[in-house]
Novice: 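I'd like to ask some things about the structure below.
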Amino acid sequence: MSCITCNSSNSTTPTPTMKDFSSKNIFTWCTNCGNYGIHTALRRALVSKKIPACQTLTCFDIGCNGNGSDKIGGYNFHGLHGRVIPLAVGAKMANRKITVIALGGDGGTLGEGIGHLVHGIRGNYNITFVLHNNLNYGLTKGQASPTSKKDMKMNSSPDGATSELLHPAKFVLSLESTFVARSFSGDVKHMTKVFEQALDHQGFSFVEIMQACPTYNKETPHEWYMDRVYDAESVEGFDNSNREQALKIADDQEEKIAVGVLYQDKNSVPQIDRQPNRNGSIGQKIETEAFEETRQYDISKLLEKFK
Ligand code: SF4
Ligand code: MG
C-alpha cells in the first residue's frame with residue numbers, strides 16, 4: 001500500500017516505531033501526572049496496531065492534556081476549549097483513511113463541549129475520543145469541573161463543590177454510543193489494550209481514562225484507583241454487548257470500579273458509511289475522499305451581480 005498522506009510511490013508503508021510518535025519537546029506536566037502514562041499507552045497502541053505516524057492525526061483540546069499536543073509524533077491539531085470533537089470529526093470526514101484521535105479533559109468535554117460530545121456520539125463518527133478525567137480544571141489551577149465530586153474541596157470552592165457530579169460512562173451509555181471503555185492512568189498495559197480495541201472499533205470510540213492529578217486532586221491519586229479497579233472481563237457472565245449490563249457495571253465509581261470495554265456494538269456502522277452516496281445504496285458509490293473532491297471556483301462574476 002502506498003502512503004495515503006504523502007502519496008509516496010513506495011510499495012509498503014513504513015512499520016511504525018515508538019520513536020515515530022516521540023517528540024524532542026520537553027514535557028511540562030507535573031511530576032507523577034497521569035498524562036505521562038496516557039501518552040505512553042497511546043503511542044504503544046498506535047505502534048502495535050501498525051498505524052504509521054504519517055497517517056495519524058491527534059487533536060487536542062485546551063487543558064493539561066492539550067499540553068501534549070507537541071509531544072507526540074504524526075500530525076497534530078490543538079484547538080479551542082471544548083471544541084476538539086468537531087475538529088477531529090471534520091478531519092475524519094475529509095479523509096477517512098487517516099486514523100483520527102481526539103483528546104480532551106473533563107472540563108472542556110463535559111462542560112463547554114458537552115454538545116459536541118453528544119453529537120459526535122449520535123453521528124457515530126469514526127474517531128477515538130480519550131477523556132482525561134482528573135476531576136478538575138488542572139490547567140487553570142484546580143477548580144471544580146463537571147466530574148468533581150460534590151463536597152470536594154477545590155480552589156474555586158474551598159468549602160466543597162456544591163453541584164452533583166456528572167458520571168461520564170453512564171452519561172455516554174445513555175446515548176446511542178457504540179463503544180464505551182474505561183481505564184486508569186496508573187496502568188499503561190491496560191490502557192494500551194483498551195486503546196487498541198478503541199482504534200479497531202468502527203464508529204465513535206469513547207474511552208474514559210480516570211487520570212491522577214497529584215497537584216490539584218489529592219483525593220484520588222493512583223493508589224486510590226489501584227485499590228479499587230477490576231477488569232470487567234473478569235466478571236462471570238458479563239456481556240459487553242448488553243447496554244443494560246454495561247450501565248450497571250459502570251455505575252460504581254467509588255468502591256469497586258470496573259475497567260475495560262464496558263460496551264461495544266460490534267455491528268456499528270460509522271457515519272460515512274451511512275451516507276447513501278458513499279455506501280452505494282443510491283447511484284454510483286463514491287470512492288474518493290471528500291478532500292479530493294474540493295475544487296476552486298471563480299465566483300467573481302457572481303459577486304458582480306451584487307455590486
Ligand atoms: Fe497533571 Fe494535574 Fe499537573 Fe495538570 S495540574 S499537569 S493534570 S498533575
Ligand atoms: Mg480536568
Side-chain angles (χ1 to χ4, degrees), residues 23 25-43 58-72 76 78-85 87-88 101-117 120 129-158 160-172 181-188 191 206-226 253-254 257:
S23 155
N25 296 322
I26 296 165
F27 288 101
T28 53
W29 294 313
C30 309
T31 304
N32 291 331
C33 173
N35 278 318
Y36 293 104
I38 298 173
H39 261 233
T40 303
L42 185 58
R43 284 196 193 100
T58 41
C59 301
F60 291 82
D61 211 284
I62 299 291
C64 288
N65 75 87
N67 287 345
S69 64
D70 60 349
K71 317 289 190 308
I72 188 163
N76 317 112
H78 196 168
L80 298 175
H81 197 223
R83 314 298 169 204
V84 72
I85 289 174
L87 286 173
I101 300 152
L103 303 100
D106 43 303
T109 307
L110 296 164
E112 292 86 338
I114 195 163
H116 297 309
L117 175 66
F129 176 69
V130 181
L131 176 70
H132 293 235
N133 186 10
N134 60 9
L135 314 190
N136 78 98
Y137 286 92
L139 189 71
T140 48
K141 301 200 180 306
Q143 294 85 6
S145 83
T147 59
S148 298
K149 299 174 192 188
K150 190 162 171 280
D151 300 326
M152 202 169 158
K153 289 184 168 50
M154 305 301 296
N155 284 343
S156 56
S157 42
T162 50
S163 296
E164 299 295 339
L165 65 77
L166 198 156
H167 189 304
K170 277 172 64 181
F171 175 64
V172 168
R182 193 159 66 183
S183 188
F184 92 108
S185 60
D187 190 339
V188 171
M191 283 190 289
F206 176 88
V207 182
E208 176 193 355
I209 303 295
M210 299 175 292
Q211 184 200 320
C213 169
T215 303
Y216 295 117
N217 173 7
K218 308 286 184 196
E219 283 192 24
T220 58
H222 277 142
E223 295 75 14
W224 188 91
Y225 286 111
M226 278 164 76
Q253 297 188 123
E254 285 297 317
I257 307 173

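Every number for a ligand or one of its atoms is a count from 1 in the order of the listing.
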Novice: Looking at P146 and Y137, what are the two nearest heavy atoms and their distance?
Specialist: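 Here P146 and Y137 meet closest at CD-OH, 4.1 Å.
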Novice: Taking all atoms of both residues into account, what is the closest heavy-atom pair of L110 and P168, and its distance?
Specialist: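 Closest approach of L110 to P168, heavy atoms only: CD1-CG, 4.0 Å.
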Novice: With a 4.5 Å limit on heavy-atom distance, are the side chains of L135 and Y216 in contact?
Specialist: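 No; the side chains remain at least 4.5 Å from each other.
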Novice: Can E112 and R83 be counted as an ion pair, charged N to O under 4.0 angstrom?
Specialist: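 R83 and E112: not salt-bridged.
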Novice: Using a 4.5 Å cut-off on heavy atoms from C-beta on, say whether the side chain of H132 contacts that of D61.
Specialist: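 Side-chain contact under 4.5 Å: no.
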Novice: Please list, in number order, the atoms of ligand 1 under 4.0 Å from a heavy atom of Y216.
Specialist: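 Matching atoms, with element in brackets: 5 (S).
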Novice: Which atoms of the protein, restricted to N, O or S, are nearer than 2.8 Å to atom 1 (Fe) of ligand 1?
Specialist: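 You should have found C33 SG.
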Novice: Name the orientation class of the two ring planes belonging to F184 and Y225 (parallel below 30°, tilted from 30 to 60°, perpendicular beyond 60°).
Specialist: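 Ring orientation of F184 relative to Y225: tilted.
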